[in-house]
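Read the structure below first, then the notes.
The structure presented is a predicted model; accordingly, all values stated were derived computationally and were not measured. Every number for a ligand or one of its atoms is a count from 1 in the order of the listing.
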Amino acid sequence: MRDKITQKTFNPLTLEKKIEEEKQGTAYHGNSNDESEKLAYIETYGCQMNFSDTEIVASVLSEMKYGFTNDESKADVIFINTCSIRENAESKVWNRLKSLKQTKKNRPDLLVGVLGCMAERLKSKLLEQEKLVDMVVGPDAYRDLPRLIEEAGGGQKAVNVLLSREETYAEIAPVRLNTNGVSAFVTIMRGCDNMCTFCVVPFTRGRERSRDWQSIVNECQELVTEGYKEVTLLGQNVDSYKHLNEATGEVCNFAQLLEKVALIHPDLRVRFSTSHPKDITDDVLFTMAKYENICNYIHLPVQSGNSRILELMNRGYTREWYLNKVKRIREIMPDCGISADIITGFCSETDEEHEDTISLMKAVKFDYSFTFAYSERPNTPAAKRMKDDVSEDVKKKRLQEVIELQNLHSKESNLSEIGKIRKVLIESNSKRSDNDFCGRTDQNKMVVFPKKEGLSFGDYCRVKIREASSATLKGEIVEE
Ligand code: SAH
Ligand code: SF4
Ligand code: F3S
């Protein structure tokens, strides 16, 4: 039974989300029947993979007969699923944990646990040094939650931060939280082997491993049966997905997986995130072009437009390689949306090198970008070997420039939609008015349009675009 309580929607294509905006408690009561003795509250920060992990955690807890609440004052156990990607992501969580410590003073039976990337990175610091929480559980240890909760309930501090080379939670059916009943996330791989020098993920998530394709296809099939219309396949670098069936010797790569998922149902939209410029293949692009239900949209983080900085970042491609990839994408799919992640002020970046990022943006004209000032993360290769020597002011100034340029490009890209008719999957009511629906185009642009009788969430419709701002499109439903 999957109860759909809230209609919180978020852009499923954004692996990385601004932490300030990305805190949400669960609002799922699917299991809170008479059998449920205890209630759990889970708050999630960070990327979509963390949100997806929260659904695994919910599944493990519901096996333990936990119910769920979105009112933390009613909870017997509170879990905070955390992110370490930038310093401010962690400081938010530190503040949250400090306030929970106060709450615990008045409620001695309340258990508090830290999950996810901060649990992995900070391990015992959270338990021993700061004595903030009762449980510290890393991203590969969620199967161990029953034991850890019992240990913590018995008054011991409970910790499991072992990283695994195999764990993919393949057969754990996620409990969909905060779902709109239309779009779901399916994790296809875990960890990352890329070792971009600025990035903490290889340390918090461990080695890359791919989930059995059959279990991915089964999960997507199950979602279709439940009425879902869109899946987003998630991984830190989906293009290096590779599953080997030891028994049969059969290998499945990302292009093949995409095809298998696309073939499940022609009305199931297939999206994925994140692609890596060094690994995305022509095979993937041709598969996208071949199937109408694989969305023409690629999130292709560039990080910098300067080849020296890209080398220092260990990204494995140059500016020219990236520009060629974009050219190739547009040759194969002229109508493909492309977005990026960009970091400003990485170690030793000069004004001229920053200008290369600006000129790359002008050459590509991304439909959207997620932009960040470089934040040094302890123990990463950059922290060990390089100096974080661009001042905060300069990082911020460069960031501002990048944001302003992106806004201009987003607006241009949206204005070019005016007059076009796009197929839109209705996802929810518009935030502003219950008289309007909102949904996204194939290219991942959000469109708001007046409702029409007979249509509801999960239906497709054709929308003629009438207006555009840098953030949204407005339009109206047209007949075929
Ligand atoms: N696996 C994805 C990115 C995951 S992290 C990829 O490789 O594309 C999401 C984004 O956060 C990154 O693309 C990067 O732009 C940003 N990021 C990661 N570490 C950062 C750091 N130390 N400082 C600033 N931004 C960072
Ligand atoms: Fe981090 Fe690079 Fe892996 Fe992305 S590909 S998660 S940026 S190490
Ligand atoms: Fe995701 Fe943040 Fe961890 S971006 S993988 S939750 S460090």
Side-chain angles (χ1 to χ4, degrees), residues 13-19 22-23 43-54 80-90 92-93 114-122 138-140 163 185 187 189-208 234-241 272-280 298-305 309-310 312-317 322 325 339-347 349 357 366 369-383 386 388 390 392 395-396 398-399 402:
L13 285 159
T14 322
L15 250 195
E16 164 56 31
K17 306 192 88 184
K18 285 204 196 79
I19 192 131
E22 287 317 316
K23 166 177 91 74
E43 198 168 282
T44 309
Y45 295 77
C47 65
Q48 291 302 353
M49 300 199 68
N50 240 21
F51 280 81
S52 183
D53 278 4
T54 290
I80 312 290
N81 195 359
T82 59
C83 173
S84 290
I85 201 83
R86 283 171 291 277
E87 195 180 351
N88 65 356
E90 286 197 350
K92 287 266 163 190
V93 172
V114 174
L115 311 174
C117 292
M118 274 178 82
E120 195 61 49
R121 199 180 83 72
L122 298 164
D140 286 346
L163 285 173
F185 301 95
T187 298
M189 57 205 294
R190 301 181 68 82
C192 185
D193 284 350
N194 278 319
M195 293 302 275
C196 302
T197 52
F198 52 79
C199 184
V200 79
V201 172
F203 304 93
T204 62
R205 295 263 165 176
R207 299 304 298 268
E208 178 186 294
L234 293 179
Q236 292 296 354
N237 176 3
V238 290
D239 303 287
S240 62
Y241 174 89
F272 54 87
S273 189
T274 303
S275 295
H276 197 299
K278 77 175 164 58
D279 293 322
I280 190 164
I298 302 179
H299 183 56
L300 197 67
V302 62
Q303 315 300 0
S304 163
I309 295 293
L310 288 169
L312 283 181
M313 288 175 163
N314 193 31
R315 287 289 290 179
Y317 54 87
Y322 187 92
K325 269 297 160 201
S339 61
D341 293 346
I342 294 170
I343 297 178
T344 62
F346 186 64
C347 309
E349 184 188 67
T357 297
F366 295 110
S369 292
F370 299 88
T371 51
F372 313 100
Y374 173 58
S375 161
E376 186 180 75
R377 309 310 295 129
N379 298 320
T380 53
M386 298 169 215
D388 181 13
V390 177
E392 285 308 306
K395 282 180 190 171
K396 291 275 147 61
R398 290 178 187 167
L399 180 64
V402 163

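- Short contacts between ligand 1 and Gln303, defined as distances under 4.0 Å to a heavy atom of the residue, involve ligand atoms 12 (C), 13 (O), 14 (C), 15 (O).
- Ligand 1 has a nitrogen or oxygen under 3.5 angstrom from a nitrogen or oxygen of Phe198.
- Residue Cys192 does not touch ligand 1, judged by heavy-atom distances below 4.0 Å.
- In terms of polar-atom proximity, defined here as any N/O pair under 3.5 Å, Thr274 makes no such contact with ligand 1.
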| Residue pair Tyr374, Glu376: steps toward the side chain to side chain donor-acceptor pair (under 3.5 Å) verdict | CA-CA 6 Å; Tyr374 173 58; Glu376 186 180 75; 4.6 Å; no
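- Atom numbering of ligand 2 starts at 1 in the shown order; those under 4.0 Å from a heavy atom of Cys192 are 3 (Fe), 5 (S), 6 (S), 8 (S).
- Here CD1 of Ile342 is found 5.5 Å from CZ of Phe366. Values are rounded to the nearest 0.5 Å.
- Using modelled atom types, no side-chain atom of Thr187 and backbone atom of Leu234 make a donor-acceptor pair closer than 3.5 Å.
- Closest to atom 8 (S) of ligand 2 among all protein heavy atoms lies Cys196 N, 3.4 Å.
- Scanning Gly46, Cys199, Cys117, Ser84 for the heavy atom closest to atom 3 (Fe) of ligand 3 points to Cys117.
- Note on ring orientation: taking the six-membered ring where Trp is involved, the planes of Tyr317 and His276 are perpendicular (angle over 60°, cut-offs 30° and 60°).
- Where the criterion is an N or O separation shorter than 3.5 Å, residue side chain and backbone included, Asn237 fails it with respect to ligand 1.
- Here Asn237 has no heavy atoms under 4.0 Å from ligand 2, in either its backbone or its side chain.
- Here Leu399 contributes atom CG and Thr371 contributes atom OG1; the two are 5.0 Å apart, rounded to the nearest 0.5 Å.
- Under 3.5 Å, the side chains of Glu208 and Ser240 contain a donor-acceptor pair of N or O atoms.
- Within the 3.5 Å criterion, the main-chain N or O of Phe51 finds no donor-acceptor partner in the side chain of Thr44.
- Residue-level proximity to ligand 1 for Glu376 is absent, since no heavy atom of it falls below 4.0 angstrom.
- Ligand 3 lies out of reach of Met49, whose nearest heavy atom is not under 4.0 Å from it.
- Looking at Gln236 against ligand 3, only its side chain comes within 4.0 Å, counting heavy atoms.
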| Taking it one step at a time, do Asp279 and Asn237 satisfy side chain to side chain donor-acceptor pair (under 3.5 Å)? | CA-CA 8 Å; Asp279 293 322; Asn237 176 3; 2.8 Å; yes
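- The contact set between ligand 2 and Arg315, taken as ligand atoms under 4.0 Å from a residue heavy atom, comprises 2 (Fe), 7 (S).
- Put simply, Cys199 gets within reach of atom 1 (Fe) of ligand 2, with an N, O or S atom under 2.8 Å from it.
- Salt bridge annotation for Arg207-Asp140: absent, with no cationic side-chain nitrogen under 4.0 angstrom from a carboxylate oxygen.
- In this structure, Ile309 and Glu349 approach most closely via the heavy-atom pair CD1-CA, 3.7 Å.
- Expressed to the nearest 0.5 Å, how far SG of Cys83 lies from CE of Met49 amounts to 12.5 Å.
- Between His276 and ligand 1, no pair of N/O atoms sits closer than 3.5 Å.
- Using a non-hydrogen distance threshold of 4.0 Å, Arg205 does not register as a contact of ligand 2.
- The shortest N or O to N or O distance between Ser375 and ligand 1 is below 3.5 Å.
- Contacts with ligand 1 closer than 4.0 Å are made by side-chain heavy atoms of Arg315 only, the backbone lying farther away.
- The closest heavy-atom contact to atom 10 (C) of ligand 1, among the options Thr380, Asp341, Val200, Val238, comes from Asp341.
- For ligand 1, the polar-atom distance check against Gln236 finds a nitrogen or oxygen pair separated by under 3.5 Å.
- Expressed to the nearest 0.5 Å, how far OG1 of Thr204 lies from CD1 of Ile85 amounts to 7.0 Å.
- Which parts of ligand 2 touch Phe198 is read off a 4.0 Å heavy-atom cut-off, strictly below it: atoms 7 (S).
- Residue contacts with ligand 1, taken as heavy atom pairs separated by less than 4.0 Å, involve Pro301 solely via side-chain atoms from C-beta onward.
- For the pair Arg190 (side chain) and Pro139 (backbone), a donor-acceptor distance under 3.5 Å is present.
- Contact annotation: for Ile85 versus ligand 1, heavy atoms closer than 4.0 Å belong to both the backbone and the side chain.
- Among protein heavy atoms, the minimum distance from atom 5 (S) of ligand 2 is reached at Asn194 ND2, 3.3 Å.
- By the 4.0 Å heavy-atom criterion, Ile343 is counted among the residues contacting ligand 1.
- Taking every non-hydrogen atom of Pro202 and a distance limit under 4.0 Å, the qualifying atoms of ligand 2 come out as 8 (S).
- Checking side-chain atoms of Asn50 against main-chain N and O of Thr82 turns up a donor-acceptor pair under 3.5 Å.
- Within the 4.0 Å heavy-atom shell around ligand 1 one does not find Cys196.
- A donor-acceptor pair under 3.5 Å links the side-chain atoms of Tyr322 to the main chain of Leu300, judged by distance alone.
- Atom CD of Glu87 sits about 8.0 Å away from atom CD of Glu90, to the nearest 0.5 Å.
- Of all atoms in ligand 3, numbered sequentially from 1 with element shown, those under 4.0 Å from a heavy atom of Cys83 are 2 (Fe), 4 (S), 6 (S), 7 (S).
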